[in-house]
Amino acid sequence: MWFLCVFFHRLLDYRRPEVESLAELFGVFEPMEDGSPVRPGSLEWKLPQNHHVDSPFHFVNLPSEDVARNIARRSMLVKGIYELWGEGTTDDDLEKAIRGFPDERKLPYLKTESSFRIIVDNFGKVISFQEQNERIRGLSYIPFKGRVDLRNPDHKFWLMEIDDYGENNGLPPVVERRIFFGREVGAADRKLLPTYQLKSRKYIGPTAMDAEIAFLMANQGLARPGKLIYDPFVGTGSILVAAAHFGAMTMGADIDIRVVRDGRGPDCNVWSNFEQYGLPKPLSLMRSDNNLPPWRSGLREVFDAIICDPPYGVRAGGRKSGGRKLLKGAVDPYTVPEEKRFNHIPSTAAYSLAECVNDLLELAARMLVMGGRLVFFFPVLREDVVTVAQFPDHPCFTLIASCEQILSLRYSRYLLTMVKTGHYTEEISELARKKHLDFRENHLKWMEEGNLHSAVFSSSDSQTTKSLFDRDSKPKYRGKYTFCGIIYNKIGGLSPKYDRSVISTFKYSLEKIFKYKYIYASDYLDRNINSY
C-alpha cells in the first residue's frame, strides 16, 4: 500500500534511514532463507512530481496501515503518514482526484456515527484562520455525514499545500503548487521531546546528547523490550534514557568514575535521570576503559546493540587508563592498596580518535549478537562545504546507513549504523587490525593526533572560509548547509569569551531568518555554544 509520508523539515539525512529501521523493527522485511542478518531489501520510495529530494513529502510503500501507524508513532522525524485521497496542482485537479478515489475506501470514514476533523497545513507559509476556513468550505463536495469534533475525532483529514514562496527562505525549491488531501493513518508523539528535553533534566553535562538525537539513535539501534543496549561512553546517560523509554534493558560504562558513581550528589546523578522519568534503571553502570575492556576473554555475543557517542575532542577529549609516565615506561605498573580503592581515581592519558574507534569496533565485533547493531557518531572535517567522508570498517560489520549532521562550517558528524554480519574469530581480529592500520595511515592527520578541536577552531583559514558564504555567491537554497555559513560568520571568529549581548541579538535574528523552524536556532545555541 502506498502512503504519503510527511517529514519534519530537519535532520534531512536521517529521515529515510530512520523509517527503514523502524520498518525492520515492526517486521516489514522477511528474514533471509539462508539466515543472513542483513535485511533482504529496503522500502520502496517515490517523490511527488517535480519535488526536490529535500521535500518533506514522500511516498512510501508499506504492507499495512498498522505498520504505518506504528512507524509514525515511534518516529522522531515523521510528522504523519496518510492515506492519500487526492492530489493536484489546482483545486479543480484536487476535486477531480478525490472524486475518482474508490468509494469503498472513502465511505467507511464518512458515516453518520463517526466524527471527523479537517486540518489545513501549508508548508513554508502561515495562513490565517479565515483562509483555513475558506479552504475547508471548498471541500464541500466530499460527502461528510458525521459530526465535527475538534478535540477527539474518530478520523482526521489533512489538506496540505506547498508552493513557491520566494527565494532565500531556507526551503527546498518548488517548481509548482501542489495540494494533497488524505486521511491520517498515524502521527508523531508530540509530547515526547518536551518531556525529555535537556533543560528540564536533573543531571546533564557538557556532552549530554540532545533528546531528539538520542531517540533517533535508539531507533537506529532497534531498541525494544527484551533487548540489551550497551553504551561504553555513557556519561550522563542520555542515550540509555532514550533506549529505556522504548523498553530496552540498558547497561553503560565510562572511564570517569566520578560521573557514573558520584554525579553531583545522591539526588543528582545518572540514576536520578531514570528516576525522573519513571524508567527502569540500568542493569549496571561500570567504571570501565574502552581501551582495556573488563570482559572475560571467552565472553561473546551478549548485547543486542551498542549505541554511543565516542569522544572526539571538541568539547571533551578521549582518555584511556595509564597516564603519560606509565605509558612511556617511566614508572612501573602498580596495584592500588585495598584501603584506597574506593576513592582512588586512576591516572589517564590522551586517547586518539583512531584508536578509540578501532577499540569500539573490536568490542562490538566480540560482544554483539549476530544481526546486532553498532550505532555511533563519527566526526569529519569539511572542506569547501563538501564533505569527503572516509569511514572506519570491520570485517564483521556491514554499514547500512550514514547520516550527516553539520555542526559548524568546519566539521560535521555522521551517525553510522552497522549490522554485525560475521562471527568474531582470531583471524578476523587480525584482519581488522590490519584494516585499522591502513585506515589510520591514510586518514587525516588530526584523526590520529586527536586534534579535532584545533582543526575546527583555528583561525588560519578564516578569511577563505568566510568568502564561501559571500552574499553575492551563495546559492539560493543550500539544504542542510544553510545554517553553517551564518553560524560561522556571526560567531565563528569570536573567542570563547563572547559578548552575551551579541549572541542574544544573533538568536533573535536567526529566529526571524528560520521563521518556519528549518533549524531551531536558539536551541542549537543554548545546547552547543554555551558549553564551549
Beyond-backbone contact of [X] with [Y], side-chain heavy atoms, under 4.5 angstrom:
X    : Y    : result
N219 : S21  : no
E87  : L4   : no
L222 : D304 : no
F57  : M160 : yes
W2   : L84  : no
L77  : R10  : yes
R15  : H9   : yes
Q220 : E20  : no

Yes or no on side chain to side chain contact (heavy atoms under 4.5 Å, CB included) for Y203 and W271, after CA distance, side-chain angles and deciding distance?
CA-CA 9 Å; Y203 181 48; W271 305 98; over 6 Å; no
Could you label the plane-to-plane angle of the F180 and F59 rings as parallel, tilted or perpendicular, counting under 30° as parallel and over 60° as perpendicular?
perpendicular
Can you confirm whether the side chains of [X] and [Y] place a donor and an acceptor under 3.5 Å from each other?
X    : Y    : answer
R201 : S238 : yes
Y424 : E301 : no
R16  : S42  : no
Y351 : D289 : no

Working to the nearest 0.5 angstrom, can you tell me the gap between [X] [atom1] and [Y] [atom2]?
X    : Y    : atom1 : atom2 : result
H51  : K46  : NE2   : NZ    : 13.0 Å
L198 : I204 : CG    : CD1   : 5.5 Å
I307 : Y230 : CD1   : OH    : 13.0 Å
C396 : M370 : SG    : CE    : 8.0 Å
H394 : E362 : NE2   : CD    : 4.5 Å
N61  : W45  : CG    : CH2   : 10.5 Å

Might you point out which heavy atoms bring [X] and [Y] nearest each other, and give the distance in Å?
X    : Y    : value
G263 : N269 : CA-CB, 4.0 Å
P311 : L353 : O-CD1, 3.6 Å
G422 : K420 : O-CE, 3.3 Å
G237 : F274 : O-CZ, 4.4 Å
D254 : F233 : OD2-C, 3.8 Å
S75  : E18  : OG-OE1, 2.8 Å

How far apart are the C-alpha atoms of D13 and Q405, what are their side-chain angles, what is the distance that settles it, and do they pass the side chain to side chain contact (heavy atoms under 4.5 Å, CB included) test?
CA-CA 8 Å; D13 275 6; Q405 180 187 14; over 6 Å; no
Between K320 and D359, is there a salt bridge with N-O shorter than 4.0 Å?
no
Compute the ring centroids of W295 and F303, then answer whether they are less than 6.0 Å apart.
yes
Determine, using ring centers only, whether H245 and Y196 are less than 6.0 Å apart.
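Centroid separation for Y196 and H245: below 6.0 Å.
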For the backbone of [Y] and the side chain of [X], can you confirm whether one donor and one acceptor N or O come within less than 3.5 Å of each other?
X    : Y    : value
N70  : D66  : yes
R69  : G186 : no
R413 : F377 : no

Checking side chain to side chain contact (heavy atoms under 4.5 Å, CB included) for the pair L12/V53: CA distance, chi angles, key distance, verdict?
CA-CA 9 Å; L12 306 183; V53 66; over 6 Å; no
Can you tell which of V369, V302, I306, T250 makes a side-chain contact (heavy atoms from CB on, under 4.5 Å) with L228?
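When side-chain contact (heavy atoms from CB on, under 4.5 Å) is applied between L228 and each of V369, V302, I306, T250, only V302 qualifies.
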Side chain to side chain contact (heavy atoms under 4.5 Å, CB included) between M76 and L11: does it pass, once the steps are laid out?
CA-CA 10 Å; M76 296 294 107; L11 296 172; over 6 Å; no
Check whether more than 12 heavy atoms from other residues, nucleotides or ligands sit under 6.0 Å from atom CZ of R258, and answer yes or no.
no
